[in-house]
Undergrad: 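Sharing a structure with you now.
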Amino acid sequence: MPELPEVETVRRGLEPALEGARFTKVLVRRPDLRFPFPKNFTKRLTGKSVIGLGRRAKYMLADLSSGEVLIMHLGMSGSFRVTQSDLQQTPGQFHHPRSDNSKHDHVVFEMSSGWTVTFNDPRRFGFMLLTARAELENDPFLRGIGPEPLGNSFDAETLAHACRNKKTSVKAALLDQKIVAGLGNIYVCEALYRAHISPKRLASTLATKKGEPTADTFRLVDAVKYVLNEAIKAGGSSLRDHRQTTGELGYFQHSFRVYDRQGEACLTPRCKGKIRRIVQTGRSTFYCPVCQR
DNA sequence: CCGCGGGCCTGAGAGC
DNA sequence: TGCTCTCAGGCCCGCG
């Protein structure tokens, strides 16, 4: 579920609980998530402290005093909850108030900061890995990932260059983490809509023959940055599983212009279009066939 | 090398 | 109320 804005929201929520704090107790309640937990996972964390908590694409990276990095991914349905240790809460008590999914509380970190951090993931597409800091760039998950879309290195020139020989649709290209990091289905649809670019266009049309950006490409880069920044301000989008670390929902789903709005009127002023849903490379795409060209 | 489709899981919602 | 079917935000890998 979680795309860059959701992961960044979670990272910001975890930061005060983790940064500068020691793992006083680590509880792992099953042998695996998407993958088995690393060997001696509990032992390699307990007593170590978190120097900093960063994010790359949709991965959270906790830099540890041991020289290792804890890589955490939310998969499709993962969420973290930060609670105060001294309240003696039942795991998951406040996680999803309407149904008890505490059976999916798979990992609990008790921190010297006094906070307890609980990872919940019903579908278990999430994972936690440990790698030496020096090996981070060679990690198969992180190797080859493209520029961070909110950083200066993501601009129209780099996007045009990355797309210039692409045979796929612009939709598929933006979902490709090697081209730009952290976008998923929702924010790609929303960014393309705001840039008035059809998801069906060939990615190579973002570049001229010389590989330079077109006017569309500048609009698209601006739209990507805008949508991601607005979504982060809103605490992400909560469709089903995403929660902030306080348990609150994100609310950017109320700002969707196309995602999950098939059949509804296009919101572009004076556009008479109706939002359509199509399937591209196995994923739903939502767009306005009239104002996205 | 590149693009696509399968598979990993559970749960929600639709349709009968 | 209940069964069955489809679908969901990600990502790696193997196939053609």
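Reminder, nothing fancy here: chain letters follow the sequence lines and each chain counts from 1. Every value quoted in this text rests on a predicted model; they were computed, and no experiment measured them.
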Undergrad: Do A:Arg219 and A:Asp216 sit within salt-bridge range, that is, some charged N less than 4.0 Å from a carboxylate O?
TA: yes
Undergrad: Short of 4.0 Å, heavy atom to strand atom, which residues of residues 248-262 of chain A count as contacting DNA chain B?
TA: none
Undergrad: Should A:Lys178 be listed as having a side-chain N or O under 4.0 Å from OP1 or OP2 of C:dC12?
TA: no
Undergrad: Using whole Å, report how far CG of A:Asn101 lies from P of B:dT10.
TA: 13 Å
Undergrad: Flag the pair A:Asp139 / A:Tyr59 as yes when at least one side-chain heavy-atom distance between them is below 4.5 Å, and no otherwise.
TA: no
Undergrad: For A:Tyr226, is the OH atom crowded, meaning more than 12 foreign heavy atoms sit under 6.0 Å from it?
TA: no
Undergrad: Roughly how many Å is it from CZ in A:Arg56 to C1' in C:dC11, rounded to a whole number?
TA: 15 Å
Undergrad: From CD1 of A:Ile232 over to C1' of C:dG9, roughly how many Å is that when rounded to an integer?
TA: 16 Å
Undergrad: B:dT10, OP1 or OP2 - any side-chain N/O from A:His104 closer than 4.0 Å?
TA: no
Undergrad: Nearest whole angstrom, please: distance from the C1' of B:dT10 to the CG of A:Asp121.
TA: 10 Å
Undergrad: For residues 169-177 of chain A, run the donor-acceptor check on the side chains, cut-off 3.5 Å, and write out each pair with its distance to 0.1 Å, sequence neighbours left out.
TA:
unit_1	atom_1	unit_2	atom_2	d
A:Ser169	OG	A:Ala172	N	3.1
A:Lys171	NZ	A:Asn185	OD1	2.9
A:Lys171	NZ	A:Ser284	O	3.3
A:Lys171	NZ	A:Thr285	OG1	2.8
A:Asp176	OD1	A:Lys178	N	2.9
A:Gln177	OE1	A:Gly182	N	2.8
A:Gln177	NE2	A:Leu175	O	3.2
A:Gln177	NE2	A:Leu183	O	2.9

Undergrad: Name the atoms and distances for all side-chain donor-acceptor pairs under 3.5 Å in residues 262-272 of chain A, with sequence neighbours left out.
TA:
unit_1	atom_1	unit_2	atom_2	d
A:Glu264	OE1	A:Arg261	NE	3.1
A:Glu264	OE1	A:Arg261	NH2	3.0
A:Thr268	OG1	A:Tyr193	OH	2.6

Undergrad: Can you see if the side chain of A:Arg240 gets near the phosphate of C:dC7 - specifically, an N or O under 4.0 Å from OP1 or OP2?
TA: no
Undergrad: Output one letter per nucleotide in nucleotides 2-8 of chain B: B when a protein non-hydrogen atom lies under 4.0 Å from the base, S when only the sugar-phosphate is that close, - when neither is.
TA: -SS---B
Undergrad: I want to check one thing: is the phosphate of C:dC7, taken as OP1 and OP2, less than 4.0 Å away from some side-chain N or O of A:Ser284?
TA: no
Undergrad: Without hydrogens or angle criteria, can the side chains of A:Thr246 and A:Glu248 be said to hold a donor-acceptor pair below 3.5 Å?
TA: yes
Undergrad: Contact class for A:Phe141 vs. all strands (heavy atom < 4.0 Å): base, sugar-phosphate, or nothing?
TA: sugar-phosphate
Undergrad: Could you tell me how far apart A:Met72 (CE) and C:dC11 (C1') are, to the nearest whole angstrom?
TA: 18 Å
Undergrad: In whole Å, measure the gap between the P atoms of C:dC7 and B:dG5 for me.
TA: 14 Å
Undergrad: Please give the distance between the P atoms of C:dC3 and B:dC9 as a whole number of Å.
TA: 24 Å
Undergrad: Could you tell me if A:Arg123 sits above the aromatic ring of A:Phe125, with its cationic atom closer than 6.0 Å to the ring centre and no more than 45 degrees from the axis?
TA: yes
Undergrad: Indicate yes or no: does A:Glu15 engage A:Arg12 in a salt bridge with an N to O separation below 4.0 Å.
TA: no
Undergrad: Roughly how many Å is it from CD in A:Glu3 to C1' in C:dG10, rounded to a whole number?
TA: 9 Å
Undergrad: Please classify the nucleic acid contact of A:Arg277 as base, sugar-phosphate, or nothing, using heavy-atom distances under 4.0 Å.
TA: sugar-phosphate
Undergrad: To the side chain of A:Arg124, which of B:dT10, C:dG10, C:dC11 is closest?
TA: B:dT10
Undergrad: If you measure from CG on A:Leu61 to CG on A:Leu53, what distance do you get to the nearest 0.5 Å?
TA: 8.0 Å
Undergrad: Enter the distance from A:Ile197:CD1 to A:Thr205:OG1 here, rounded to the nearest 0.5 Å.
TA: 7.5 Å
Undergrad: Is the count of non-hydrogen atoms from other residues, nucleotides or ligands lying under 6.0 Å from A:Asn152 atom CG greater than 12?
TA: no
Undergrad: Kindly say whether the aromatic ring centers of A:Phe141 and A:Phe35 come within a distance under 6.0 Å.
TA: yes
Undergrad: For DNA chain B, what is the dot-bracket line, given that a base pair needs Watson-Crick (N1 to N3, plus N6-O4 or O6-N4) or G-U wobble (N1-O2 and O6-N3) geometry with both distances under 3.5 Å, and | means paired with another strand?
TA: .|||||||.|||||||
Undergrad: Can you tell me the distance, in whole Å, between the CZ atom of A:Phe35 and the P atom of C:dC12?
TA: 8 Å
Undergrad: Going by the rule ring pair (Phe, Tyr, Trp, His ring centres under 6.0 Å), which residues pair with A:Phe154 if we only count those two or more places apart in sequence or in a different chain?
TA: none
Undergrad: So A:Phe127, base contact, sugar-phosphate only, or nothing? Heavy-atom distance under 4.0 Å.
TA: nothing
Undergrad: Whole angstrom is fine here: how far is it from CD in A:Gln177 over to P in C:dG10?
TA: 8 Å
